[in-house]
Amino acid sequence: MTGLGAGLLCYQSGPLAHLHDPMLNVDISKLEQLVTDLRGLLKEGLVATDIWDRATGLSLAGYNAQPAAVALFNQLTEEIGSTLSGAGFPKLNRYYLLDLDGDNAVVIIRHGEDLLQGMLLDSKKVNMGILFSIAIPKSIEGTAKSRG
């Protein structure tokens, strides 16, 4: 990992090099601001979130960071993509949602082939309309703006 100026990091690709370009340029401060904005928007409905580099598994920004979840959803997203492709289905697009026991839900957002974002949500407290119409589009746009 090599620092390139204030808040802009550049990562060498890791063992999953096929997932992105050799260098990942992201303005970390913009990702951190995005996380803050999401916390304000989703309030108590947002239990945790991470935005991470798929190749390294390194969380670039987060709230109540979940390193085990990062590893799990990195692998799961890869498996879903491979399974869909192998079955002749269309490719996974921008995001997917999992409805979990205990009034929990997880949204995984694909920010291109190199970054993923996970959000653990309290299903009883999150407003799904705001999630789908504002929070997910804001995450996609904010992450795109963070790129160097």
Peer 1: What's the separation between atom OH in Y96 and atom CG in L84, rounded to the nearest 0.5 Å?
Peer 2: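 Interatomic distance, Y96 OH to L84 CG, rounded to 0.5 Å: 10.5 Å.
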Peer 1: Spell out, yes or no, whether Y95 and L72 are grouped together once hydrophobic residues are joined by side-chain heavy atoms under 4.5 Å, including indirect joins.
Peer 2: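 No, separate clusters.
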Peer 1: Once side chain to side chain contact (heavy atoms under 4.5 Å, CB included) is applied, do any residues pair with E32, and if so which ones, sequence neighbours excluded?
Peer 2: I28, A61
Peer 1: Same hydrophobic cluster for L120 and L131, using side-chain heavy-atom links shorter than 4.5 Å among ILVMFWY?
Peer 2: no
Peer 1: For the side chain of D122 and the backbone of E44, is there at least one donor-acceptor N/O pair under 3.5 Å apart?
Peer 2: no
Peer 1: If you compare all heavy atoms of S123 against all heavy atoms of D99, which two are closest, and at what distance to 0.1 Å?
Peer 2: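 Taking S123 first and D99 second, the nearest heavy atoms are OG-OD1, 4.4 Å.
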Peer 1: Checking side-chain contact (heavy atoms from CB on, under 4.5 Å) between Q117 and each of T49, V35, L31, which is the one that passes?
Peer 2: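 That would be T49; it is the only one of T49, V35, L31 passing the side-chain contact (heavy atoms from CB on, under 4.5 Å) with Q117.
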Peer 1: Return the OG1 to CG distance between T56 and D114, rounded to the nearest 0.5 Å.
Peer 2: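 If we round to the nearest 0.5 Å, T56:OG1 and D114:CG are 10.5 Å apart.
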Peer 1: For a quick test of reading the model, state the closest non-hydrogen atom pair linking D50 to S59 and the distance between them.
Peer 2: OD1-OG, 2.7 Å
Peer 1: Rounded to the nearest 0.5 Å, what separates atom CH2 in W52 from atom CG in L60?
Peer 2: 10.5 Å
Peer 1: Do M128 and I109 share a hydrophobic cluster, counting only Ile, Leu, Val, Met, Phe, Trp and Tyr and linking them when any side-chain heavy atoms are less than 4.5 Å apart?
Peer 2: yes
Peer 1: When clusters are formed by joining ILVMFWY residues with side-chain heavy atoms under 4.5 Å apart, either directly or through shared neighbours, do I134 and I136 land in the same one?
Peer 2: yes
Peer 1: Does the side chain of M119 come within less than 4.5 Å of V126's, by heavy atoms?
Peer 2: no
Peer 1: Please report the interatomic distance CG(D27) to NZ(K145), rounded to the nearest 0.5 Å.
Peer 2: 12.5 Å
Peer 1: What are the two closest heavy atoms between P137 and F132, and how far apart are they?
Peer 2: CD-O, 3.4 Å
Peer 1: If you compare all heavy atoms of V47 against all heavy atoms of N64, which two are closest, and at what distance to 0.1 Å?
Peer 2: O-ND2, 2.8 Å
Peer 1: Using every non-hydrogen atom in the two residues, find where S139 and H111 come nearest and quote the distance to one decimal.
Peer 2: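 Nearest heavy atoms, S139 then H111: O-CE1, 3.3 Å.
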Peer 1: So do L46 and L121 actually touch side chain to side chain, heavy atoms under 4.5 Å?
Peer 2: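 Side chain of L121 against side chain of L46, heavy atoms only: contact under 4.5 Å found.
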Peer 1: Just verifying a value: how many Å separate L38 CG and I51 CD1, rounded to the nearest 0.5 Å?
Peer 2: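 L38 CG to I51 CD1: 7.0 Å, rounded to 0.5 Å.
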Peer 1: Tell me if a side-chain donor or acceptor on R39 pairs with a main-chain N or O of Y63 at a distance below 3.5 Å.
Peer 2: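 No; judged by distance alone, with no hydrogens or angles, the pair does not exist.
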Peer 1: Going by heavy atoms in the side chains, are L115 and R147 under 4.5 Å from each other?
Peer 2: yes
Peer 1: Do V106 and Q66 have side-chain heavy atoms sitting under 4.5 Å apart?
Peer 2: no
Peer 1: Checking S146 side chain against T143 main chain: does a donor-acceptor pair fall under 3.5 Å?
Peer 2: yes
Peer 1: Same cluster for L41 and L97 if Ile/Leu/Val/Met/Phe/Trp/Tyr side chains link at under 4.5 Å?
Peer 2: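 L41 clusters together with L97.
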Peer 1: Main chain of R54, side chain of N74: is a donor-acceptor contact present, judged purely on distance under 3.5 Å?
Peer 2: yes
Peer 1: Could you tell me which non-hydrogen atom of I108 sits nearest to which non-hydrogen atom of T77, and how far apart they are?
Peer 2: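 Closest approach of I108 to T77: CG2-OG1, 3.8 Å.
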